[in-house]
Amino acid sequence: MLPPNFEHWDAILKGLKESLEIAVLASFFGILIALPVGLLAARNLMPAWVSWSARALIAAARAFHPVIVAILFVKAIGFGAIAGIMALVVASVGFIGKLFAEAVEEISLKQLEGVRATGASFAGVIAFGVLPQVLPRFIGFSTYQFDSNVRNSTMVGVVGAGGIGAPLFVAFQRFEYDVVCAIILAIIAVVFLAEVISARVQRIFGA
Amino acid sequence: MPSAPGSAAARAWNRFTPAERLARFAVYLAVVAAVVVSAATVEFIPEFVYDAPEQMRDLLVRMWPVDFAHYPRGVHAALVETLHIASLGTLLAVALAVPVGLLAARNVTPVPALNYLAKLVLVSSRSVNSLVWALLFIAVFGPGALAGTLAIAFRSIGFVGKLFAEACEEAHPGTIEALAAVGAPWASILTHGYWPQVKPAFWAIVLLRWDINVRESAVLGLVGAGGIGVALNTAINLFQWNRVAVVLLAIFAVVIAAEILVTQLRKRLI
């Protein structure tokens with residue numbers, strides 16, 4: 001395995017770039033979908049049938065590991081980055097949706113009453129009563145999920161869903177362990193960078 | 001400096017300092033730029049997406065009827081193996097993570113060099129995905145459940161150790177100082193000072209990690225590290241989608257059962 005063989009550095013960079021693209025787009029769409037789903041799943045805001053169906057959706061999204069979801073999307077959409085993005089969107093909705101719903105259930109209802117007393121509409125109650133209380137935590141979950149998506153985006157390639165996972169698995173099957181070592185080192189560097197970035201963003205937003 | 005009456009009303013009240021607003025704006029800008037650049041350059045084949053609904057329907061048609069007869073022959077043993085991998089991996093991880101976590105906790109081990117060494121161990125364990133750990137252990141021990149168990153264990157050390165160290169650092173110093181004052185040896189300080197305080201957090205961490213490991217051990221077989229993933233991979237490679245369906249249902253059932261079990265245990269233990 002040692003020393004690592006960086007001879008194919010251009011292929012490694014290309015794979016890492018695709019992994020990062022998968023992670024960024026999956027986080028973006030996942031966060032976008034998780035916000036309404038999490039609100040719908042909060043039992044203190046929604047009627048029981050709405051929150052239970054949203055909870056069932058979240059549970060289904062969380063049940064399978066992203067790599068297994070990626071297999072199904074590879075079959076449905078074909079090989080490539082889109083399947084990886086879809087798989088990680090599902091994972092993001094499951095994770096952020098669950099934690100966000102729990103955060104919304106813990107909010108103080110006094111502020112909601114205050115906003116309602118001014119005659120605010122339901123949308124107004126959500127925007128000025130609920131969201132200000134939970135937004136820092138939502139940003140915290142989102143940055144954590146971005147971090148997690150970067151880790152998983154390096155792995156969905158093992159089943160053909162794009163990113164650095166494919167060259168890693170190919171090198172492994174060819175017993176080119178020095179190349180495997182180089183790719184793993186590159187992945188660790190990117191994962192570490194993502195962790196630093198998400199910690200920085202969390203500090204900026206006080207999450 | 002005394003201010004003229006009325007000037008307070010004219011003063012602009014801002015929630016954030018200019019530096020904070022600039023930092024937030026930079027984050028927004030970076031997010032937008034990252035999304036735009038990614039969306040513009042990501043490989044996108046529209047033909048694949050157009051027939052996705054058809055392919056999805058085809059997938060469901062092929063999965064039906066679910067081949068339940070395959071369960072006792074090819075799935076049950078693999079499922080049990082997956083649970084063994086997850087449980088043994090968690091046990092091994094806890095055994096290794098507790099000493100490392102104690103070394104990483106600044107109040108338990110007041111030696112900065114040891115703290116940093118332990119934190120380095122925890123960070124490197126977490127940086128490597130469990131699938132990568134599995135690939136490494138397969139290279140060493142060959143394919144099978146042993147590689148999977150070690151992969152789960154090594155990936156979990158970082159998680160359990162980090163959270164355990166944080167729990168130790170949050171422990172109240174009162175009881176610990178009292179024990180030290182009566183001359184208790186360090187082993188007694190650990191078992192009577194720290195342990196009662198970190199016990200709830202410890203069980204919560206172990207249960208959470210076991211739950212995660214049940215999910216993770218289901219995919220390790222895709223790279224050959226044993227468990228139900230092997231059955232899944234075989235069925236997919238042979239395009240036996242009705243067998244894939246029964247494997248997926250089995251994984252789903254086990255994951256849900258694990259989550260219910262963890263919720264119940266957490267209520268009892270904590």
Side-chain angles (χ1 to χ4, degrees), chain A residues 1 17-18 20-29 59-60 62-68 70-83 85-86 139 146 151-152 154-155 158-159 162 165 168-169 172 175 177 180-181 183-184 187-189 191-192 195 197 200-201 203-206, chain B residues 20 23-24 26-27 30-32 34-35 37-49 51-59 62 123-124 126-132 135-136 138-139 212 215-220 222-223 229 232-233 236 239 241 244 247-248 251-253 255-256 259:
Chain A
M1 253 185 116
K17 191 170 145 273
E18 194 173 42
L20 282 178
E21 286 165 359
I22 292 172
V24 166
L25 290 173
S27 308
F28 179 72
F29 290 112
R62 268 164 38 83
F64 292 113
H65 194 278
V67 175
I68 294 181
I71 295 175
L72 298 179
F73 278 115
V74 166
K75 163 71 178 110
I77 314 177
F79 292 101
I82 300 293
I85 293 172
M86 301 288 271
I139 291 170
F146 170 70
R151 285 158 201 262
N152 280 325
T154 60
M155 282 302 119
V158 171
V159 294
L168 174 70
F169 200 48
F172 184 80
F175 303 106
Y177 289 133
V180 169
C181 182
I183 295 177
I184 290 176
I187 290 177
I188 291 175
V191 166
F192 189 72
E195 204 169 307
I197 291 175
R200 190 39 78 82
V201 171
R203 215 170 49 235
I204 289 175
F205 285 91
Chain B
E20 279 175 335
R24 280 166 184 247
V27 172
V31 168
V32 172
V35 170
V37 168
S38 304
T41 56
V42 79
E43 187 188 18
F44 180 71
I45 305 165
E47 288 78 8
F48 281 4
V49 178
D51 73 342
E54 202 180 310
Q55 291 285 344
M56 215 56 157
R57 202 181 52 104
D58 178 53
L59 182 71
R62 281 166 190 247
V123 167
S124 37
R126 275 183 300 132
S127 307
V128 180
N129 197 294
S130 50
L131 278 174
V132 176
L135 288 175
L136 292 177
I138 288 168
I212 298 172
R215 284 159 214 255
E216 293 224 321
S217 59
V219 293
L220 291 179
L222 294 174
V223 295
L232 182 66
N233 203 24
I236 287 172
F239 299 110
W241 289 102
V244 172
V247 173
L248 289 181
I251 296 177
F252 187 74
V255 166
I256 299 292
E259 193 156 324

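In what follows, every chain begins at residue 1, and chains take the letters A, B, ... in the order their sequences are listed.
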What part of A/Ile184 gets within 4.5 angstrom of chain B, counting heavy atoms only: side chain, backbone, both, or neither?
side chain
So which part of B/Leu232 gets closer than 4.5 Å to some heavy atom of chain A, the side chain, the backbone, both or neither?
side chain
Among A/Ile187, A/Ile188, A/Val191, find the residue that satisfies the side-chain contact (heavy atoms from CB on, under 4.5 Å) test when tested with B/Val128.
A/Ile188
Taking side chain as everything from C-beta outward and backbone as N, CA, C, O, which of these in A/Phe175 sits under 4.5 Å from a heavy atom of chain B? Side chain, backbone, both or neither.
neither
Counting only heavy atoms closer than 4.5 Å, note whether A/Phe169 contacts chain B via side chain, backbone, both or neither.
side chain
When the 4.5 angstrom heavy-atom criterion is applied to A/Arg62 and chain B, the contacting part is both
Residues passing the side-chain contact (heavy atoms from CB on, under 4.5 Å) test with B/Val27, sequence neighbours excluded, are A/Val201, A/Ile204, A/Phe205, B/Val31
Using non-hydrogen atoms only, which part of A/Ile71 is less than 4.5 Å away from chain B: side chain, backbone, both, or neither?
side chain
Leading residue by heavy atom contact count with chain A [cutoff under 4.5 Å; candidates B/Glu20, B/Arg24, B/Met56]:
B/Arg24
Using non-hydrogen atoms only, which part of B/Ile236 is less than 4.5 Å away from chain A: side chain, backbone, both, or neither?
side chain
Heavy-atom cut-off 4.5 Å, strictly under: side chain, backbone, both or neither for B/Ser124 against chain A?
neither
Could you look at B/Arg126 and say if it's the side chain, the backbone, both or neither that has a heavy atom under 4.5 Å from chain A?
both
